[in-house]
Number of protein chains: 2
Amino acid sequence: MEPIDVFKALSNETRLNILQWLKEPEKHFPKQGAHLPKEVSYKGGVCVGDIQEKAKASQSTVSHYLNLMQKAGLLESVRYGQWTYYRRDEEAIRQLAEYFRTEI
Amino acid sequence: MEPIDVFKALSNETRLNILQWLKEPEKHFPKQGAHLPKEVSYKGGVCVGDIQEKAKASQSTVSHYLNLMQKAGLLESVRYGQWTYYRRDEEAIRQLAEYFRTEI
DNA sequence: ATATTATATCGACTTTCCCCGATATGTCAA
DNA sequence: TTGACATATCGGGGAAAGTCGATATAATAT
């Protein structure tokens, strides 16, 4: 996980919003998991379409953003059927905060 | 201090290096303060030329970077005679680390 | 006054990022 | 197998960032 890639990922308001919305998915995405059968539930994950709707950007842009944030190490994803669910990688983010506190 | 401007400022390897060098100026800039008479000493501040030399970028680029980091709130500067000394704004950086830990 | 030195700013060019629509891929339902 | 839907990827046009050399500004020394 390269710090510079993380900072680049955070250098955009929409992406920053997405990351913050995903801190409380049930609050910001009320219909979260509507498609997900319980037996495959992915705690805290939200599908691309729901994020796109809230972010008010094009589908391709949001897909691209999520992929970028995942490559930076901020998000993780799982695909169930035709949906891809993204959620925060809390452990990675915690480590980043620690990196920021001690190395920056 | 806008988080996005801070993240942009940190999205560049040279700038990140400069910020980290300035954590220990006496270590990374041995001739630090050579020009500074004691009575106007600016603790931890390093002049543009010394930073440029170490950063291996053009004078204009380094000047631009330092100004950008200052506007983002990471650095503060004082001018003594023909020299401008830059140092970290530790309090601002501490607050940023806290922002990262609680809001990101 | 003039020359020298340190820093800032300007103008230009290149590279990267932003963001979209169009299209491809994968999955499910009929 | 066909159609509908969710997501990913491609290609591109415009905006911003990276970076430099040239020049301007400011301070100092002679």
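- Atom CZ in Arg79(B) sits about 11 Å away from atom C1' in dT5(C), given to the nearest Å.
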*Begin with the C-alpha distance, continue with both residues' side-chain angles, and end with the deciding distance and a verdict on side chain to side chain contact (heavy atoms under 4.5 Å, CB included) for Leu75(B) and Arg88(B).*
CA-CA 4 Å; Leu75(B) 301 182; Arg88(B) 294 162 52 99; 4.3 Å; yes
*For each nucleotide in nucleotides 15-23 of chain C, reading 5' to 3', give B when a protein heavy atom comes within less than 4.0 Å of its base, S when such contact involves only the sugar-phosphate, and - otherwise.*
--SSBBBB-
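- Checking Glu91(A), Glu90(A), Glu98(A) one by one against Arg94(A), the salt bridge (charged side-chain N to carboxylate O under 4.0 Å, His left out) holds for a single residue, Glu91(A).
- The distance from atom CD of Gln52(A) to atom C1' of dA8(D) is 13 Å, rounded to the nearest whole Å.
- Residue Glu53(A) contributes atom CD, which lies 11 Å from atom P of dA6(D) at whole-angstrom precision.
- A straight line from CH2 of Trp83(A) to C1' of dT27(C) spans 9 Å, rounded to a whole angstrom.
- Shortest non-hydrogen contact noted between Leu22(B) and Phe29(B) is CD2-CE1, 4.0 Å.
- When all heavy atoms of Gln52(B) and Gln59(B) are compared, the closest pair comes out as NE2-N, 3.4 Å.
- Separating the CG atom of Leu16(B) from the C1' atom of dG18(D) is a distance of 16 Å, rounded to the nearest angstrom.
- In this structure, Glu13(B) places its CD atom 14 Å from C1' of dG18(D), rounding to the nearest Å.
- Remark: P of dT9(C) and CD of Gln70(B) are 11 Å apart, rounded to the nearest angstrom.
- Heavy atoms only, all atoms of each residue included: Ala97(A) and Arg101(B) are closest at CB-CA, 3.8 Å.
- In this structure, the side chains of Ile4(B) and Asn12(A) stay at 4.5 Å or more apart for every pair of heavy atoms.
- Atom CE in Met69(A) sits roughly 15 Å away from atom C1' in dT7(D) (whole-Å rounding).
- The listed nucleotides are dT7(C), dT5(C), dG26(C); the one nearest the side chain of Gln82(A) is dG26(C).
- Looking only at side-chain heavy atoms (C-beta outward), Leu16(A) and Glu13(A) stay at 4.5 Å or farther from each other.
- Counting any heavy atom pair closer than 4.0 Å across all strands shown, Ser63(A) reaches a base atom.
- Between Tyr86(B) and dA6(C) there is no side-chain N or O to OP1 or OP2 distance below 4.0 Å.
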